[in-house]
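Just the heavy atoms: all of them, side chains too, but no hydrogens, waters or symmetry mates, feed the values below.
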Amino acid sequence: MKPFEFKLKTVLEIRVSEEARASEIHSEAKTFLEEAQKQKRAIEEAIESNLTACQQAFDGQVALGTLAHLQTALRELRGQLGELVPVVAERQAHVDVKWKELLVARQRREALEKMRDKQQSEFERGVAQAEQKAIDEMVLMREAGGFTNKLQ
C-alpha cells in the first residue's frame, strides 16, 4: 500500500516558514525594545546618582556653583528620560503587535498539523483494517482449503 501523503504539505511548509519569519521579527523587535529599556535604566541610575550627590551637597554645605551644576545635570537627565519614555512605550507596543502576529502564525500552523495528524491517523486505521481483512481472508481460505481436503 502507498505511504501516507498529506495533500496540504506545501501549505503547511509555508505556514511553518511564516511562523519562523514572525518569530524572527518578534525577536528583533524585542531586542530593539531591550536597547531602549537599557538606556532608560541608565538614565534612571544617573538621576539617582545625581540626587544622591545633591543630598550630599546639601548636607555638606558645598559651594552654590556645584549645586547649580548638579541641578542643571538633573534637569537634563529628566529631560532625556522624558524623551525616552514614549520611545519605550512605542517599542513595547510594536513588540506586542509582533507577538500577536507570531501567535496567529503559530495557531495557523498548529491547525494544519492537527489536520495532518488526524488524516494520518485515519489513514493508518484504514491500513490496519485492510491488513486485518487480508489476514482474515487468508485464514478463511486456508480453513476452506483444509476443509475440502478433509472431505476427500
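For Gln71, the CD atom counts as densely surrounded, since its 6.0 Å shell holds more than 12 non-hydrogen atoms of other residues, nucleotides or ligands. The number of heavy-atom neighbours closer than 6.0 Å to CD of Glu76, taken from other residues, nucleotides and ligands shown, is 12 or below.
Of the possible donor and acceptor atoms, one in the side chain of Thr52 sits under 3.5 Å from a partner among the backbone N and O of Glu48. Between the side chain of Arg91 and the backbone N or O of Phe32, at least one donor-acceptor pair lies under 3.5 Å. With hydrogens and angles ignored, the 3.5 Å screen pairs a side-chain donor or acceptor of Asn50 with a backbone N or O of Leu70. Between the Ser23 side chain and the Glu19 main chain, no donor and acceptor come within less than 3.5 Å of each other. When atom types are taken as modelled, the side chain of Ser49 and the backbone of Glu45 share no donor-acceptor pair closer than 3.5 angstrom.
Here the CD1-NE2 distance, from Ile25 to His94, works out to 8.0 Å after rounding to the nearest 0.5 Å. Note: Leu77 CG to Arg75 CZ = 11.5 Å, rounded to the nearest 0.5 Å. Rounding to the nearest 0.5 Å places CG of Leu84 at 5.0 Å from CD1 of Ile43. In this structure, NZ on Lys9 lies 13.0 Å from NZ on Lys7, to the nearest 0.5 angstrom. Note that the CZ atom of Arg78 and the CD atom of Glu44 stand 11.5 Å from one another [nearest 0.5 Å]. For the atom pair Leu140 CG and Arg142 CZ, the distance stands at 11.5 Å (nearest 0.5 Å).
Using a 4.5 Å heavy-atom cutoff, the side chains of Glu18 and Arg108 are in contact. Contact annotation: the side chain of Phe123 never approaches that of Lys118 to less than 4.5 Å [non-hydrogen atoms, C-beta and beyond]. At a threshold of 4.5 Å between non-hydrogen side-chain atoms, the residues Lys38 and Glu34 do not count as touching. Side-chain contact check for Lys100 versus Val97: every heavy-atom pair is 4.5 Å or farther apart.
Shown here for Lys40 and Val88, the closest heavy-atom pair between the two residues is CD-CG2, 4.2 Å. Counting all heavy atoms, side chain and backbone alike, Pro86 lies closest to Gly82 at CD-O, 3.1 Å. The two residues Leu81 and Ile47 have their closest heavy-atom pair at CD2-CD1, 3.9 Å.
Cluster annotation: Ile14 and Val11 are assigned to distinct hydrophobic clusters (Ile/Leu/Val/Met/Phe/Trp/Tyr, side-chain heavy-atom contacts under 4.5 Å, transitive). If you chain together hydrophobic residues whose side chains sit under 4.5 Å apart, Leu102 and Val104 never meet in one group.
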Test side chain to side chain contact (heavy atoms under 4.5 Å, CB included) applied to His26 and Val95, step by step: CA-CA 6 Å; His26 173 258; Val95 167; 3.9 Å; yes

Chi angles and distances behind the side chain to side chain contact (heavy atoms under 4.5 Å, CB included) call for Phe6, Gln119: CA-CA 8 Å; Phe6 185 52; Gln119 287 179 4; 3.3 Å; yes

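Salt-bridge annotation for Glu24 and Arg21: absent, with no side-chain N of the basic residue lying under 4.0 Å from a carboxylate O of the acidic one. With salt bridges taken as basic N to acidic carboxylate O contacts below 4.0 Å, one links Arg109 and Glu113.
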